[in-house]
Amino acid sequence: MGLEERESIFYKLKTKYLLFIYLFGFIFYLASRKCGSFDIWWHLRAGQYIVSQKIFPFYNTFSHTALFHPWIAYSWLTEIIFYYVSVLGFNWLIVLKICLIITTFIVVFKTTYLASNKNFNLSILIIFFMAYISSTSWLLRPQLFSFLFTAFFVYILNEFEYDNRKKVLWFIPLIMLFWVNLHIYFVIGLFLIFIHLFCSVFKGWFLFGEDEENEIKKQRFLLKITLISLFVCFINPYTYRIFLEVIRLTGQQWARANITELQSPNFHCIQVRFFEIMLFLLIFSLSVSKKRPSLIEVILFIAFTYQALYSIRDLPFWAIVMSPIIGRHLGVFFVEFKGNQGFVENKVQTGFSQKSILGGDKKYSLINWFLLGILIVIVGFSFPRDSKLESCLDMEKIPLEAVTFIKENHLPGKMFNSFNWGGYLIYSLYPEWKVFLDGRTQAYGDEFLTGCSDIWSLSLGWEKKFKKYETNFILWPRKLPLTEIFLLMDNWKLIYFDDIAVIFIKDIPQNRIFISKYEEKAKEKSKLPPLEKGG
């Protein structure tokens, strides 16, 4: 390779390419952060359970309070994938997470780019904000696959609807075959294709002549794909029960009222404020564009915006579906406003020569390579450099030492534990110990969960509700009010204390060996530092 050829490659790092690299470097950085999800633990245990037992669970076997309560592992394939990846090392779970998120937004970028009439800068800007808005839900959970498949569905249906590419629809049943076994949100895929079918039929009622014949052919093909996709949804270990599980999940009142991610967005949060900005931008783009919104866009806007305002967990799906709609209508607006080059591109070029901003000048190429080097350093330091648990997952709020204490002393009897810790306790203590409660709300039911809330909040009659579970020891966060109450009770003794967790054991003859051995030491520790309220 000659000197001139090497120099030409050096100059090819244009600012346009650097923007794209920086966008996905930013997404990489957000995706590579430690996983703080409490649910990853029971997903890993469920995957290990399915692999080792070679059965698919239909009932709850992880809990002593809801033993044999109906529960199906609707994300069984994801849980198996998570389990096998974790065997390679926990940093590989982060690699999987990064790959899924980056692939998702590459597909979203491609869809938005084509929808915006190939307005590169506008697409970069939209995806930047949409990625930041949705990053709150980038946890190591099965919904990562739903993000990816939603992006593919939007791309395929846009190609079919706006470019009349019929053959791409054959990918939909194939994707659905995996989606229904990876996550319960496969219903989003069904919703998207049903909306396109409905709008196609509706539009066909008002068309005549040659267009009517073409529309009828389009409807028939779309109907065929829809029916095949619906049939494919039954190809899972639970067959029709998977749809019943969707109904059960949507009917959970306790989860909606108590789990933060299922509640409405908090508009005081910076990421949600950006959602507010993008929502106004979406409304603005639909208002000013000379291209009238299609019936499909109107229905998608209403449905996904309602869901995003209802549950913060659905913000990523809003971002994925709305990005090409914003791009399509803003792209038309900019073309009309500033000519064929587009408003954003004109603004970028103001004050810079075409040569310099695209990296044709040596000075700007050097700057671009320097900026790329900074990005590589930032990304390198943000990625976990070993496979240790603490390097990959957020362990600051996990009772690691308390769990070790339980194992070493083989504490007998039933356990009482907090909601958030249940998943980790399933991962680390099952099958020797079964948990009191964990994040699988559908495995317990609203009545049980409401009773648990009464205990945590020390509501009237909480002691009576607590006694009926006949627990022998309590593993609880030390900063919660319930800890202080048990410190004052004579029939419960503190045997373990650290900065994160406390363990109480029932004062009965069978437990005197633990009380005599650990009570004094735990009491001394509990005095330094003093307990804090709240948490």
Side-chain angles (χ1 to χ4, degrees), residues 34 36-38 40-42 62-65 388-390 393-430 432-439 452-459 462-463 465-467 469-535:
K34 288 184 179 181
S37 172
F38 289 107
I40 181 60
W41 304 108
W42 68 258
F62 296 145
S63 168
H64 65 80
T65 52
K388 292 179 181 178
L389 202 62
E390 295 80 2
L393 304 175
D394 186 1
M395 305 299 292
E396 293 179 1
K397 298 180 181 179
I398 297 295
L400 293 172
E401 295 180 8
V403 167
T404 302
F405 179 87
I406 292 171
K407 289 180 178 179
E408 290 177 349
N409 291 278
H410 304 284
L411 295 186
K414 297 177 181 178
M415 171 173 52
F416 180 82
N417 61 270
S418 68
F419 178 82
N420 285 336
W421 287 352
Y424 178 72
L425 299 178
I426 289 174
Y427 174 80
S428 57
L429 295 178
Y430 182 84
E432 288 79 6
W433 289 268
K434 291 181 171 62
V435 299
F436 178 85
L437 175 67
D438 66 276
C452 292
S453 294
D454 292 339
I455 297 173
W456 304 333
S457 59
L458 303 173
S459 300
W462 73 270
E463 287 184 88
K465 293 178 181 178
F466 175 76
K467 286 179 181 178
Y469 296 112
E470 300 178 344
T471 55
N472 189 54
F473 68 95
I474 301 166
L475 172 60
W476 199 251
R478 83 167 186 90
K479 294 184 179 181
L480 294 186
L482 196 63
T483 298
E484 297 185 34
I485 297 299
F486 276 97
L487 281 171
L488 301 174
M489 297 176 70
D490 294 331
N491 58 334
W492 288 92
K493 301 298 182 182
L494 180 69
I495 61 171
Y496 178 85
F497 183 96
D498 65 25
D499 291 338
I500 296 174
V502 294
I503 298 177
F504 295 93
I505 199 163
K506 199 169 186 179
D507 190 2
I508 55 177
Q510 295 93 316
N511 294 329
R512 291 289 163 75
I513 184 173
F514 303 107
I515 296 171
S516 61
K517 186 175 182 180
Y518 295 111
E519 183 183 19
E520 290 301 321
K521 184 178 180 181
K523 278 186 175 181
E524 287 299 317
K525 281 189 175 182
S526 68
K527 295 174 183 177
L528 296 170
L531 290 172
E532 301 173 17
K533 293 184 178 180

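What you see is a predicted model; the values in this text were computed from it and never measured.
- The nearest pair of heavy atoms linking Val403 to Ser428 is CG1-OG, 3.6 Å.
- Atoms CH2 and OH, from Trp42 and Tyr430 in turn, are 14.0 Å apart once rounded to the nearest 0.5 Å.
- For Phe405, the ring pair (Phe, Tyr, Trp, His ring centres under 6.0 Å) partners are Tyr496, Tyr518, not counting sequence neighbours.
- Residues Ala501 and Asp498 approach most closely at N-OD1, 2.6 Å, considering heavy atoms.
- Contact annotation: the side chain of Tyr469 never approaches that of Lys414 to less than 4.5 Å [non-hydrogen atoms, C-beta and beyond].
- Annotation for Trp462 and Leu482: closest pair CZ3-CD1, 4.1 Å, computed over non-hydrogen atoms.
- Atom CH2 of Trp41 sits about 12.5 Å away from atom CD1 of Ile426, to the nearest 0.5 Å.
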Please lay out, stage by stage, how Leu425 and Asp438 fare under the test side chain to side chain contact (heavy atoms under 4.5 Å, CB included).
-> CA-CA 8 Å; Leu425 299 178; Asp438 66 276; over 6 Å; no
Test Phe466 against Thr471 for side chain to side chain contact (heavy atoms under 4.5 Å, CB included), laying out the working first.
-> CA-CA 8 Å; Phe466 175 76; Thr471 55; 3.5 Å; yes
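- Atom-to-atom distance recorded for Lys525:NZ and Glu520:CD is 14.0 Å, nearest 0.5 angstrom.
- Phe514 contributes atom CZ, which lies 8.5 Å from atom NZ of Lys517 (distance to the nearest 0.5 angstrom).
- Within the model, atoms OG1 of Thr483 and CG of Leu488 stand 11.0 Å from one another, a figure rounded to the nearest 0.5 Å.
- Take Ser418 and apply the side chain to side chain contact (heavy atoms under 4.5 Å, CB included) test, not counting sequence neighbours, and it matches Trp421, Trp476, Pro477.
- Using modelled atom types, no side-chain atom of Asn409 and backbone atom of Leu411 make a donor-acceptor pair closer than 3.5 Å.
- Asn417 places a side-chain N or O within 3.5 Å of a backbone atom of Phe436 that can act as its donor or acceptor partner.
- Within a 6.0 Å radius of NZ in Lys521, no more than 12 heavy atoms belonging to other residues, nucleotides or ligands are found.
- At least one side-chain heavy atom of Leu494 sits under 4.5 Å from a side-chain heavy atom of Val502.
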Check against side chain to side chain contact (heavy atoms under 4.5 Å, CB included), Ile500 and Lys397 = CA-CA 7 Å; Ile500 296 174; Lys397 298 180 181 179; 5.7 Å; no
Pair Asp507-Arg512, side chain to side chain contact (heavy atoms under 4.5 Å, CB included): steps then yes or no | CA-CA 7 Å; Asp507 190 2; Arg512 291 289 163 75; 3.0 Å; yes
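- Residues meeting the side chain to side chain contact (heavy atoms under 4.5 Å, CB included) test with Lys506, sequence neighbours left out: Asn472, Trp492, Ile508, Asn511.
- Atom CG of Leu429 sits about 6.0 Å away from atom NZ of Lys407, to the nearest 0.5 Å.
- Each of Phe416, Phe504, Trp433 was checked for a side chain to side chain contact (heavy atoms under 4.5 Å, CB included) with Phe473, and the lone residue meeting it is Trp433.
- Put simply, the side chain of Ser63 never gets that close to the backbone of Leu437: no donor and acceptor are under 3.5 Å apart.
- Taking both residues in full, the closest heavy atoms of Met415 and His64 are given as O-NE2, 2.8 Å, listed atom of the first, atom of the second, then distance.
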